[in-house]
Amino acid sequence: MAAAPTNASFDHAVPTILPRSAHGISRSLIEENTLKVLYRLHRNGYLAYLVGGSVRDLLLGRSPKDFDVGTDATPQQVKKLFRNCFLVGRRFRLAHIRFSPDHLVEVATFRRHPHPDELPENPDDHLFFMQNQFGTPCEDAFRRDFTINALFYNIADFSIVDHVGGLQDLENRQLRVIGDPMVRFVEDPVRMLRALEFSARLDFSLEARIVEAIAEKAQAMDEASPARVREELVELFRHGVGAVVLERAQSFGLLRPLMGGYQAGETTFAMLAGLNRYFQKIGRVDEAMLLATLFLDRFWHKCPVQGSLPINEVLQAAGHLLSPYCNHFRLAHGLRHQAREMLTGCYRFARGPGHRGQKRFLLNPETPRALELFRLWTRSSGSDPALVTTWEKAMHTGPLPNEKTSMQANRRTRRRPRRRRQGKPA
């Protein structure tokens with residue numbers, strides 16, 4: 001891949017054009033339906049670019065998760081071209097071209113930052129106005145967060161268009177913000193988390209200005225939407241970098257404002273690393289298990305096994321521990337209930353077999369997930385794995401011998417009720 005000339009000043013006038021012969025992106029690497037959308041837009045006289053992370057990933061030899069299209073056609077013009085097009089978004093209008101129930105291509109019109117004198121008089125209308133000012137590809141590139149995410153693939157001549165120096169940063173394996181990080185991170189605090197994510201996923205170094213800005217503006221994360229932060233956190237584990245990113249976030253002082261005052265325990269990050277591997281193995285993110293893992297260290301301090309607490313008290317303590325975090329992110333009660341049950345299951349496992357209610361616990365469909373969490377904890381804390389093996393055998397073979405004895409001792413003798421004697425007929 002040829003390197004683009006360094007362009008630290010981000011000159012709007014002179015983009016770097018990388019011809020097809022100078023890069024390795026082939027149309028065979030682009031999803032079929034995305035190509036159909038690009039070609040139809042181009043045939044009808046509109047600019048049609050592959051945009052965003054897909055161009056970055058293709059240049060790095062990675063497989064993109066999805067493909068997004070940028071164009072100078074307005075959402076209404078896109079809708080006229082495609083019968084299977086649906087316009088979405090109240091504030092930021094997008095065109096979704098649906099090819100099947102589980103596959104669509106997202107098409108966005110190039111946007112620009114409006115000039116201050118263009119803003120409406122009513123401040124409440126500013127956000128909608130700013131997000132729907134259509135512009136040129138160059139103006140759209142400068143609205144994006146990082147230089148490596150602002151590269152375009154032009155279907156007209158199969159070239160790469162770079163307005164912001166992203167090609168050079170790919171060559172240097174460095175992450176840079178478009179504009180001043182101090183300003184861009186206040187505009188959208190989630191960009192700080194995304195910077196750590198891309199650095200971990202791509203193994204890129206962070207520009208010095210990014211490091212300084214995160215350290216100084218970490219508290220701005222308090223202003224971020226909890227729903228959006230939650231989505232980004234799940235995405236971290238979907239990409240297998242959750243443990244690394246959250247540990248780096250703690251080193252920058254970003255973790256507490258990011259997660260509603262959350263504090264990690266001694267083995268939290270080691271458990272999260274194991275959880276990353278487990279999610280990669282099963283092919284999905286179990287958010288309830290993630291929630292339980294985040295709080296397992298603190299759970300042991302509240303409910304030490306040596307205390308021999310009644311299960312009702314353990315359940316109550318687990319619920320109180322999870323409540324502030326769940327309320328901050330407005331998590332569903334079902335998710336909170338599953339995490340609470342997994343924490344309580346770990347307590348049952350840690351105190352060993354032979355206790356009341358064990359048979360019912362082993363038959364519970366949630367118990368295998370709790371055992372996986374307990375296994376993660378034993379590996380991360382260096383505890384004896386023999387207890388995990390004992391419980392695995394119990395789950396596959398039924399009650400253990402000492403449990404049978406305990407249940408038999410507690411079993412009440414039931415007698416058949418005596419039949420009432422019928423009175424003699426008169």
Side-chain angles (χ1 to χ4, degrees), residues 4 6-18 25 34 47-60 62 64-72 75 89 91-95 105-115 127 130-154 159-199 201-202 204 206-207 209-210 213-214 217 224 228 231-232 235:
T6 303
N7 190 6
S9 63
F10 297 141
D11 184 0
H12 287 246
V14 185
T16 297
I17 307 294
L18 206 62
I25 297 182
T34 305
L47 291 176
Y49 289 176
L50 196 64
V51 301
S54 58
V55 181
R56 173 202 71 218
D57 287 343
L58 289 171
L59 288 171
L60 291 172
R62 301 162 66 96
K65 184 184 68 172
D66 49 35
F67 294 87
D68 295 330
V69 173
T71 181
D72 58 351
R91 291 184 173 178
F92 192 93
R93 297 293 277 172
L94 293 170
V105 176
E106 186 173 278
V107 180
T109 305
F110 297 129
R111 259 76 168 181
R112 66 178 175 88
H113 283 299
H115 299 292
L127 184 60
M130 290 177 66
Q131 291 185 339
N132 288 280
Q133 293 304 295
F134 302 137
T136 65
C138 177
E139 290 170 324
D140 187 84
F142 277 86
R143 293 181 75 254
R144 295 176 181 268
D145 48 9
F146 304 104
T147 59
I148 61 172
N149 292 341
L151 300 170
F152 301 147
Y153 172 84
N154 188 355
S159 63
I160 303 296
V161 183
D162 178 14
H163 294 277
V164 296
L167 288 170
Q168 183 67 58
D169 291 331
L170 281 182
E171 195 74 20
N172 296 337
R173 302 189 68 81
Q174 182 185 48
L175 194 70
R176 272 198 309 151
V177 170
I178 298 173
D180 183 357
M182 295 288 187
V183 176
R184 302 306 301 276
F185 289 166
V186 172
E187 288 175 353
D188 183 2
V190 176
R191 286 178 179 143
M192 291 185 275
L193 180 61
R194 286 172 61 80
L196 299 181
E197 177 192 351
F198 286 126
S199 175
R201 280 175 55 191
L202 306 175
F204 275 28
L206 292 173
E207 178 191 17
R209 295 189 309 155
I210 293 180
I214 293 177
K217 300 296 183 182
R228 188 170 167 219
E231 185 180 331
E232 292 289 340
E235 195 70 14

[X] side chain near [Y] side chain, heavy-atom distance below 4.5 Å:
| X | Y | answer |
| --- | --- | --- |
| Arg56 | Leu202 | yes |
| Leu50 | Leu58 | yes |
| Glu187 | Val183 | yes |
| Thr136 | Arg112 | no |
| Asp145 | Asp188 | no |
| Arg173 | Leu60 | yes |
| Val55 | Phe152 | no |
| Leu206 | Leu196 | yes |

Search all heavy atoms of [X] against all heavy atoms of [Y] and return the closest pair with its distance.
| X | Y | result |
| --- | --- | --- |
| Asp169 | Arg176 | OD2-NE, 2.9 Å |
| Asp140 | Arg111 | OD1-N, 2.9 Å |
| Arg209 | Gly179 | NH2-O, 3.1 Å |
| Leu151 | Leu170 | CD1-CD1, 3.6 Å |
| Gly53 | Asn149 | CA-OD1, 4.4 Å |
| Ala150 | Arg144 | CA-CD, 3.8 Å |

Original post:
If only atom types and distance count, is the side chain of Arg184 paired as donor or acceptor with the main-chain N or O of Ile178 below 3.5 Å?
Top reply: yes
**OP:** Please answer whether the main-chain N or O of Thr109 pairs with a side-chain N or O of Thr71 as donor and acceptor at a distance below 3.5 Å.
**Re:** no
Measure the [atom1]-[atom2] distance between [X] and [Y] for me, rounded to the nearest 0.5 Å.
| X | Y | atom1 | atom2 | result |
| --- | --- | --- | --- | --- |
| Arg201 | Arg194 | CZ | CZ | 8.5 Å |
| Met192 | Lys217 | CE | NZ | 9.0 Å |
| Ile148 | Leu59 | CD1 | CG | 10.5 Å |
| Thr34 | Asp66 | OG1 | CG | 8.5 Å |

**OP:** Determine, stepwise, if the pair Ile210 / Phe185 fulfils side chain to side chain contact (heavy atoms under 4.5 Å, CB included).
**Re:** CA-CA 9 Å; Ile210 293 180; Phe185 289 166; 4.1 Å; yes
Original post:
Going through the distances and angles, do Thr147 and Glu207 end up as a side chain to side chain contact (heavy atoms under 4.5 Å, CB included)?
Top reply: CA-CA 11 Å; Thr147 59; Glu207 178 191 17; over 6 Å; no
**OP:** Assess whether side chain to side chain contact (heavy atoms under 4.5 Å, CB included) is satisfied between Val69 and Val51, documenting all intermediate values.
**Re:** CA-CA 6 Å; Val69 173; Val51 301; 5.9 Å; no
Original post:
Leu18 and side chain to side chain contact (heavy atoms under 4.5 Å, CB included): which partner among Ile160, Asp162, Val161?
Top reply: Ile160
Original post:
Mind checking whether Phe146 and Phe198 have parallel, tilted or perpendicular rings, split at 30° and 60°?
Top reply: perpendicular
